[in-house]
**Student:** 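Could you have a look at this structure, given as structure tokens, before my questions?
Any value given below was found using the heavy atoms of this structure, including those in side chains, with hydrogens, waters and symmetry copies removed. Per chain, numbering begins at 1; letters A, B, ... match sequence-line order.
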Amino acid sequence: VVSWTALMTGYAEYGPVEKALECFHQMEQRSVSPNAITFACLLKACGSIGDLKKGQEIHAYIVNEQYENDTVVGNSLVGLYAKCGSLTEAREIFEELTVQDVVSWTALIAGYAEYGCGQEALKTLDNMQSENISPDAVLYACSVKTCSIEGATDRGLLVHVEIASEGFERDMTINNTLIGMYAKFNMLTEAEDMFNMLPERNVVSWTALIAGYSEHGHGKLVLSCFEQMQIEGIFPN
RNA sequence: CAAUGUCACUGAA
């Protein structure tokens, strides 16, 4: 089962994702029993391609095999429904989790943010804080994105301060998300400052800034930034 | 020995 799951993990991560689901059927044929880790991997695969139907099939299988109370499997179920936009279902699963950890909260919040329920996402963030869950880097990235989507400028700035004070200033994903947030707010000077202070820049960092210029009509800056990116050895995708 | 939640872009009536 470890070999099969390792293979499926690779397919779920790098594609073709459908192959991960094929592996599952082959396992069944060869009478290899999946475990919690296998199910987590399968649910991730379904979520990443938005295949709700397959996800529900696997959910039913999980219930049959009595794996639904596993923490990681439970979080994966929340993630599946959140990624597929079935937010009511995601919330129901979340409420029934025996342990709600930072991963469970993040999965739910990211789902709300992604599917246009920014207010609900912010409210859920508040609820999480009152439960004394410690935020981590992934949660911070989601918080920033939520503020960005909601246009919650004041709150976004507060989150930024908190990120700095908690020592996450070198996290590339968080930093890229912050650039995107300032760009969305049309606070392009702040976006540039963020960008210039980065210890490392990847193609996402550059694109976040370029997209900000583009969105607010600074065509000349788009082009010069694009040029500079290539001078610095980053290739566009 | 395998595992769950996050980053940019993807046009218009």
Side-chain angles (χ1 to χ4, degrees), chain A residues 1-13 20 23-24 27 32-48 55 58-59 62 67-83 90 93-94 97 99-114 121 124-125 128 133-149 159 163 168 171-184 191 194-195 198 200-215 222 225-226 229 234 236-237:
Chain A
V1 60
V2 174
S3 326
W4 281 106
T5 307
L7 183 61
M8 289 177 14
T9 300
Y11 284 131
E13 190 79 32
C23 283
F24 177 51
M27 282 179 73
V32 179
S33 304
N35 62 19
I37 300 180
T38 317
F39 288 128
C41 179
L42 283 165
L43 293 171
K44 179 186 184 142
C46 294
S48 74
I58 290 164
H59 186 174
I62 286 168
Y67 273 101
E68 54 177 338
N69 289 321
D70 182 276
T71 303
V72 171
V73 171
N75 285 344
S76 301
L77 284 167
V78 176
L80 167 77
Y81 289 109
K83 267 220 163 56
I93 306 257
F94 173 87
L97 292 178
V99 178
Q100 294 167 342
D101 62 15
V102 67
V103 174
S104 334
W105 287 94
T106 307
L108 188 61
I109 291 165
Y112 283 135
E114 181 71 32
T124 307
L125 257 173
M128 194 198 87
I133 307 284
S134 307
D136 66 3
V138 177
L139 189 275
Y140 278 127
C142 288
S143 306
V144 172
K145 188 171 187 184
T146 301
C147 294
S148 168
I149 287 171
V159 174
I163 286 168
F168 288 98
D171 186 288
M172 169 104 78
T173 298
I174 292 178
N175 286 329
N176 289 343
T177 312
L178 281 167
I179 294 171
M181 180 186 81
Y182 286 121
K184 270 271 182 325
M194 270 306 299
F195 181 86
L198 291 191
E200 304 283 347
R201 302 179 188 109
N202 62 13
V203 68
V204 176
S205 326
W206 285 94
T207 308
L209 189 59
I210 289 172
Y213 289 142
S214 174
E215 187 172 350
V222 168
C225 193
F226 177 60
M229 174 178 102
I234 305 289
N237 63 13

**Student:** For nucleotides 10-13 of chain B, tabulate all protein N/O to nucleotide N/O atom pairs closer than 3.5 Å, reporting atom names and distance.
**Tutor:**
none

**Student:** With hydrogens left out and only the distance checked, is there a donor-acceptor pair under 3.5 Å joining A/N237's side chain and the base of B/A8?
**Tutor:** yes
**Student:** Pick base, sugar-phosphate or nothing for A/N175, based on heavy-atom distances below 4.0 Å to the nucleic acid.
**Tutor:** nothing
**Student:** Heavy atoms only, 4.0 Å cut-off, all strands: where does A/S76 land among base, sugar-phosphate and nothing?
**Tutor:** sugar-phosphate
**Student:** Does a distance-only test, which skips hydrogens and angles, find a donor-acceptor pair under 3.5 Å between the side chain of A/N35 and the base of B/A2?
**Tutor:** yes
**Student:** Would you sort out whether A/T173 and A/N176 count as a side-chain hydrogen bond (donor to acceptor under 3.5 Å, both in side chains), showing the intermediate values?
**Tutor:** CA-CA 5 Å; A/T173 298; A/N176 289 343; 5.8 Å; no
**Student:** Is the centre of the A/F24 ring less than 6.0 Å from the centre of the A/W4 ring?
**Tutor:** no
**Student:** Reckon A/K145 has a side-chain N or O less than 4.0 Å from the OP1 or OP2 of B/U6?
**Tutor:** no
**Student:** Below 4.0 angstrom from OP1 or OP2 of B/U6, is there any side-chain N or O of A/K83?
**Tutor:** yes
**Student:** Does A/I210 offer a backbone N or O that forms a donor-acceptor pair with the side chain of A/S214 under 3.5 Å?
**Tutor:** no
**Student:** When you measure from the side-chain N and O atoms of A/K184 to the phosphate of B/A8, is any distance below 4.0 Å, counting only OP1 and OP2?
**Tutor:** no
**Student:** Could you work out which one of B/A8, B/A2, B/G5 sits closest to the side chain of A/A6?
**Tutor:** B/A2
**Student:** Is A/M128 close to A/L108 at the side-chain level, that is, under 4.5 Å between some pair of heavy atoms?
**Tutor:** no
**Student:** Side chain of A/N176 only, please: which of B/C7, B/A8, B/A2 is the nearest?
**Tutor:** B/C7
**Student:** Using a distance-only criterion (donor-acceptor N/O pair, under 3.5 Å, no hydrogens), is the base of B/G5 paired with the side chain of A/D101?
**Tutor:** no
**Student:** I want to check something: taking the side chain as every heavy atom from C-beta on, are A/V72 and A/I37 in contact at a cut-off of under 4.5 Å?
**Tutor:** no
**Student:** Under the 3.5 angstrom rule, does the side chain of A/R201 hit a backbone N or O of A/F195 as a donor-acceptor pair?
**Tutor:** yes
**Student:** Given atom CD1 of A/I163 and atom C1' of B/U6, what is their separation to the nearest angstrom?
**Tutor:** 11 Å
**Student:** Rounded to whole angstrom units, what separation is found between the CD1 atom of A/I179 and the P atom of B/C9?
**Tutor:** 12 Å
**Student:** Between B/C7, B/A2, B/C9, which nucleotide has the shortest distance from any of its atoms to the side chain of A/V2?
**Tutor:** B/A2
**Student:** With a non-hydrogen cut-off below 4.0 angstrom, is A/A141 in contact with a base, only sugar-phosphate, or nothing?
**Tutor:** base
**Student:** Which nucleotide in the list B/U6, B/A8, B/U4 gets nearest to the side chain of A/C142?
**Tutor:** B/U6
**Student:** With the side chain of A/T173 defined as its heavy atoms from C-beta on, choose the nearest nucleotide among B/G5, B/A3, B/C7.
**Tutor:** B/C7
**Student:** Remember a base hit wins even if backbone is also touched, and classify A/V102 as base, sugar-phosphate or nothing at under 4.0 Å, heavy atoms.
**Tutor:** base
**Student:** Is there side-chain contact between A/M172 and A/E200, with at least one heavy-atom pair below 4.5 Å?
**Tutor:** yes
